[in-house]
There are 4 protein chains.
Amino acid sequence: MNDKKRLILDTAIKCFANKGYHATSIQEIADTAGIAKGSLYFYFKSKEHLLISIFEHGFTEFMTKMQAIAGDSDIEPRERLIRLTEVQFEQFVENHDFIMMLFKEHALHINEDMKQFLFGLRAQTIETYRSHILAIYGEEARPYMLDGASLFSGLNHEYSQYVLFAPESLDFRKLAEFLADRLDDVMFSMIAKRPEPILSEAKIEQFAEKAKMFSFKKARTVYDEISLLRKLIEGLQLESAQREDLLSSIQVLEAEFDKPNPQKVIVKGMLAVLKSCKEKEIRQVLQHIEAYL
Amino acid sequence: MNDKKRLILDTAIKCFANKGYHATSIQEIADTAGIAKGSLYFYFKSKEHLLISIFEHGFTEFMTKMQAIAGDSDIEPRERLIRLTEVQFEQFVENHDFIMMLFKEHALHINEDMKQFLFGLRAQTIETYRSHILAIYGEEARPYMLDGASLFSGLNHEYSQYVLFAPESLDFRKLAEFLADRLDDVMFSMIAKRPEPILSEAKIEQFAEKAKMFSFKKARTVYDEISLLRKLIEGLQLESAQREDLLSSIQVLEAEFDKPNPQKVIVKGMLAVLKSCKEKEIRQVLQHIEAYL
Amino acid sequence: MNDKKRLILDTAIKCFANKGYHATSIQEIADTAGIAKGSLYFYFKSKEHLLISIFEHGFTEFMTKMQAIAGDSDIEPRERLIRLTEVQFEQFVENHDFIMMLFKEHALHINEDMKQFLFGLRAQTIETYRSHILAIYGEEARPYMLDGASLFSGLNHEYSQYVLFAPESLDFRKLAEFLADRLDDVMFSMIAKRPEPILSEAKIEQFAEKAKMFSFKKARTVYDEISLLRKLIEGLQLESAQREDLLSSIQVLEAEFDKPNPQKVIVKGMLAVLKSCKEKEIRQVLQHIEAYL
Amino acid sequence: MNDKKRLILDTAIKCFANKGYHATSIQEIADTAGIAKGSLYFYFKSKEHLLISIFEHGFTEFMTKMQAIAGDSDIEPRERLIRLTEVQFEQFVENHDFIMMLFKEHALHINEDMKQFLFGLRAQTIETYRSHILAIYGEEARPYMLDGASLFSGLNHEYSQYVLFAPESLDFRKLAEFLADRLDDVMFSMIAKRPEPILSEAKIEQFAEKAKMFSFKKARTVYDEISLLRKLIEGLQLESAQREDLLSSIQVLEAEFDKPNPQKVIVKGMLAVLKSCKEKEIRQVLQHIEAYL
DNA sequence: AATGAATGAGAATTCATTCAT
DNA sequence: CATGAATGAATTCTCATTCAT
């Protein structure tokens, strides 16, 4: 990577970490980096793409080291988990600003891709912990592997904050061992006492489902929404050409939702057509319908 | 509280929870609430104050219930912690959008007050857990009370996500008990094995210090500001023509402020000239000087 | 129409007439109208839409008067053509700036709709002249109706320039009569001497075809365009979610065009989805496909 | 001419013909030509000059052939006009993109020279036609030579469009003859019927005058400018605070210019204050004053 | 109380032009 | 000659806030 590009990237990370993505202007990044605003656009085609680049670089750098350890089967599982945690903390320090940025704006849903990516990341973390737990504690631990993974993730996340704010006062190796010991504590206890687990594959799945299609609400059925929409549009004063367009898209929409497997694209497309109406109320209804996707 | 005000507040919470504070426009809130943009300003004097109001209401609602339990000494400590956790989850569901908003934009540092407030909140949570730990596990647990509090906080936070996204599939009482059991696991283990604690009062203090003072300002006089300005400008690499322009406007500025009745126009004019410097720091100083008018 | 909206519209027409669409900035329009830049956006959602509004209003105003005359069968055909021409000149003066704008930037192909509209306009003019010629000169003139219409259009266009720049020195009635006399001259001559006509339905059609799909590198069928689109999108680096969306909309698009009566809305909708790609080349292909509607 | 220069020129013509001058970026031309943006500036000192070069080359190429014919007194006048027209059409095909560009953006008034040039071109065309008409139809045609020239120009222009869009389907010789025949029709008719002419030398002159001076400036002294400024500002409806600000800056301005060595900074500053007025006229005056620095 | 038109500062982005290599 | 990185002014557009009604 180009020096200047790197400079911009690093500066942007710092700025985003300080004030958040939205509160940081391109001008600010350029000023801080000591370059002209236009130059930034030579390297990154938009603010959004700058953020995406940050993520790409941040994670590849971060992940390569992590995965080298995670995949090293020479190391015994418990030690591997400890090393993983230790290296994670080291990486936190090394990529302090990047991680800080993530901590600050937990959900940087700039676009759908980003959302999917961040969501997938979390899923992967839990997955890694789960497999380590199975490897460390054996088949007996299977019912608790998801709870164990979540518990460890929680502990990890909590101490990460201390790592981020005052890294010099912590011995990462010791901290990782400490956390592994605590995982031992809860795992051995659960294996011994056999409480009912909280999390199951099904629940995690359910959670994933929900989290993904968030920002959606329902209150009315799609059909209610669609017929409300029709009424609203009929009430507008429109050119006959536009009116016809809108009403036929509503028809298509209805037909699509009637099918056993409505095609997402068609719904999206019709909504896009309907979005040519700027009416407040209509927009709202469209958002609601969008939520059914 | 007025109905309309409540409506705006709830709508805003929902919007902020969906898209984040910065990505939500006042227009959007007004539209969603079905009121005029101007009306919003009748109830809240700015977007910032709207957010602050959200926090005030969100937390008072949230905290009153929590504190009723936390302070009820009739309940035995362990049970109290469980109830506290349970009620917390219930509150998460009840104030779903508000909590979602907090989760999404972890650090809403709109202004210094907000920052202090959010920071204090975290401190208070840890404090509550700590005192409960001491009460539950006795003096032996004292060296581990901070680690215990942090561990519990981490577990809590992790499962909170499941609570937020799929509350209907979780039994909060059972979950709270489960988490208390896990706290038992780690506390008893630590008390038994006496490992070296990770956190100490001193370290927490140090962390607090670091986290708090990330940005700060100090009051200066106009003359301080002006001389700071001169230094900054002298430090810049400029064309001699521009440099001269800038330095002479500083001179005029100083001379003007020295007069018994500085002419506002001249000050304004000189500031306008100086604004040709796009440097962030200089801009800031100019803003400060502008404030003296 | 709102006063302020009208003011903005009129000002914009004037500015566009003076310097052309591209060379006129929004700031300039706002300044000239004596309003704030933001206000303009309250009434028109973009510069492009401002232009579209100008066209809509300009033409409806213009056309209503023209069509009242064109459709008045009480008036004898030759007199009707004269009156049409006369009123056209009067309208040129009344809507001076608007017409000036059209003269200046002959092809304001801001978007495909605009292009189609302007093109249709010309077709309609020729059509009007043609029917008048048939009515005036009878069946004998049929072989020359297209040439006649073009000749008259040419004469008309040429003298329109004088009308626009120095209307006060011209008597529109006399000018219209003069032009009608000249049409007589050429029509009678052609009817008498029966030269080979230059234009035929087929040639006009051919011309229309060419002119419409201009800016196209080569004429392709919809299917070619769609498969080109697929290739382009497959070549992009996209998140799997978006990629899937795009590819399935292409599939729907193909399926729709395969049907005997493709539904316009569905095509529009799919195009709307595909427009999320901002790539220049893709955009172009989308415009081409749009043209098939 | 250098190969590379020719390449750039041709590419630019093509781009300008496709999208218009303003809508085409230098980057686009460079990309299409397959050269670096900077290289373009080696051959042409600006986008404007590139356009001017296009015109120069386009017209010299175009005109040399035309003028060879126009000036060939061996050819009998009517035949000369036909040949002229024929060659014109041939040239249209040969320089298709260049002509297309002219048709698209009818008035490329990039600067005053360009305007004069394009205007002169039109005048010259009319002049050529006029002299041919006199030569063909004799002194009797004198009263109608201007109308005849305009009529022929109109016919010519109209059919040029067909030539541009579908050249392959037209026989240029036949078309030219056809148009000459139509000129015969109208000229003989006018000579016979002696209608009142529409155009006269005086009117053409008047038209030229009007068309030429659409924008103009005249030099004033600083003091004139300043007092104009004061009048303009006094004519504005302003808050008393702002009004005072502005008027006092005008006073300072006047005082400063009265001094033997006006301080540049102060002038600049005052102008900056005055720029808070967004009025177009005021802005203009400010620019003029700025020029005195 | 409520509205929505109006504002203008500031945001992202584009682009002609320059310049060191 | 050629390049492409760098610039910064200008442009379109957004949005929190104000204000007359």
Side-chain angles (χ1 to χ4, degrees), chain A residues 2-5 8 22-31 33-50 280, chain B residues 2-5 8 22-31 33-50 275-276 278 283, chain C residues 2-5 8 22-31 33-50 278, chain D residues 2-5 8 22-31 33-50 276 278:
Chain A
N2 189 314
D3 270 5
K4 185 71 65 79
K5 194 167 182 180
I8 296 172
H22 289 287
T24 304
S25 74
I26 290 285
Q27 184 62 253
E28 211 167 337
I29 297 170
D31 286 353
I35 59 160
K37 199 167 28 165
S39 306
L40 203 149
Y41 282 88
F42 183 79
Y43 293 98
F44 303 94
K45 74 175 198 182
S46 71
K47 195 183 177 189
E48 188 178 327
H49 277 79
L50 174 55
K280 210 164 81 181
Chain B
N2 188 315
D3 269 6
K4 185 72 67 79
K5 194 167 181 180
I8 295 172
H22 288 287
T24 303
S25 73
I26 290 285
Q27 184 67 69
E28 210 166 340
I29 298 170
D31 285 354
I35 59 160
K37 196 163 40 163
S39 307
L40 203 149
Y41 281 86
F42 180 79
Y43 295 100
F44 302 94
K45 74 174 204 181
S46 73
K47 194 184 179 187
E48 188 177 328
H49 278 79
L50 175 55
K275 269 178 192 157
S276 67
K278 308 294 181 193
R283 292 242 145 183
Chain C
N2 191 313
D3 270 6
K4 185 69 67 75
K5 195 167 181 181
I8 295 172
H22 289 289
T24 303
S25 75
I26 290 284
Q27 186 61 256
E28 210 167 338
I29 298 169
D31 285 354
I35 59 160
K37 199 169 29 168
S39 307
L40 203 150
Y41 282 89
F42 183 78
Y43 292 99
F44 303 94
K45 73 173 202 182
S46 72
K47 195 184 177 188
E48 187 179 329
H49 277 78
L50 175 55
K278 309 293 182 197
Chain D
N2 188 316
D3 269 4
K4 186 74 67 78
K5 194 168 182 180
I8 295 172
H22 290 287
T24 303
S25 72
I26 290 285
Q27 184 67 70
E28 212 167 338
I29 298 169
D31 286 354
I35 58 160
K37 198 162 40 163
S39 308
L40 202 150
Y41 281 86
F42 179 78
Y43 295 99
F44 303 94
K45 75 175 203 183
S46 71
K47 194 186 178 186
E48 189 178 326
H49 279 79
L50 175 55
S276 67
K278 308 293 179 193

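Chain naming here is simple, since letters A, B, ... match the order of the sequence lines and numbering starts at 1 in each.
- Rounded to whole angstrom, the span from the CD1 atom of C:Ile29 across to the P atom of F:dT11 amounts to 11 Å.
- Following rounding to the nearest Å, D:Leu50 (CG) and E:dC15 (C1') show an atom-to-atom distance of 15 Å.
- Residues B:Lys4 and B:Ile35 approach most closely at CD-CG2, 3.8 Å, considering heavy atoms.
- With distances taken from any side-chain atom of C:Ile35 to the nucleotides E:dA12, E:dT7, F:dA16, the minimum falls on E:dT7.
- Rounded to a whole Å, the CD atom of B:Glu48 is 8 Å from the P atom of F:dT17.
- Of the candidates F:dC13, F:dA16, E:dA16, F:dA16 carries the atom nearest the B:Ile26 side chain, counting heavy atoms from C-beta on.
- Across every non-hydrogen atom of D:Leu40 and D:Ile8, the tightest pair is CG-CG2, 3.9 Å.
- Nearest-nucleotide positions on DNA chain E place B:Lys4 closer to the 5' end than the other of B:Lys4 and D:Ala23.
- Summarising the geometry, the separation between CZ on B:Phe44 and P on F:dC15 is reported as 21 Å, rounded to the nearest angstrom.
- Looking at the side chain of C:Lys47, the nearest of the listed nucleotides E:dA2, E:dT3, F:dC13 is F:dC13.
- Within the 4.0 Å cut-off from OP1 or OP2 of E:dA1, not a single side-chain nitrogen or oxygen of B:Ser39 is found.
- For C:Tyr41, a side-chain nitrogen or oxygen approaches OP1 or OP2 of F:dC13 to under 4.0 Å.
- Nucleotide F:dT21 has E:dA2 as its partner under the Watson-Crick or G-U criteria, with both atom distances under 3.5 Å.
- Look at NE2 on B:His22: it is 13 Å from C1' on F:dA16, rounded to the nearest Å.
- Distances from the side chain of D:Ala36 to the nucleotides F:dG4, F:dT7, E:dA16 place F:dG4 closest.
- Of the two residues contacting DNA chain E, namely A:Ser25 and D:Gly38, the nearest-nucleotide position lying further toward the 5' end is that of A:Ser25.
- Between D:Leu40 atom CG and E:dC19 atom C1' there is a gap of 16 Å when expressed in whole angstrom units.
- Closest approach of D:His22 to D:Lys47, counting heavy atoms only: O-NZ, 4.0 Å.
- Remark: P of E:dT18 and CZ of D:Phe42 are 15 Å apart, rounded to the nearest angstrom.
- Put simply, the side chain of A:Lys37 and the base of F:dT7 share no donor and acceptor less than 3.5 Å apart.
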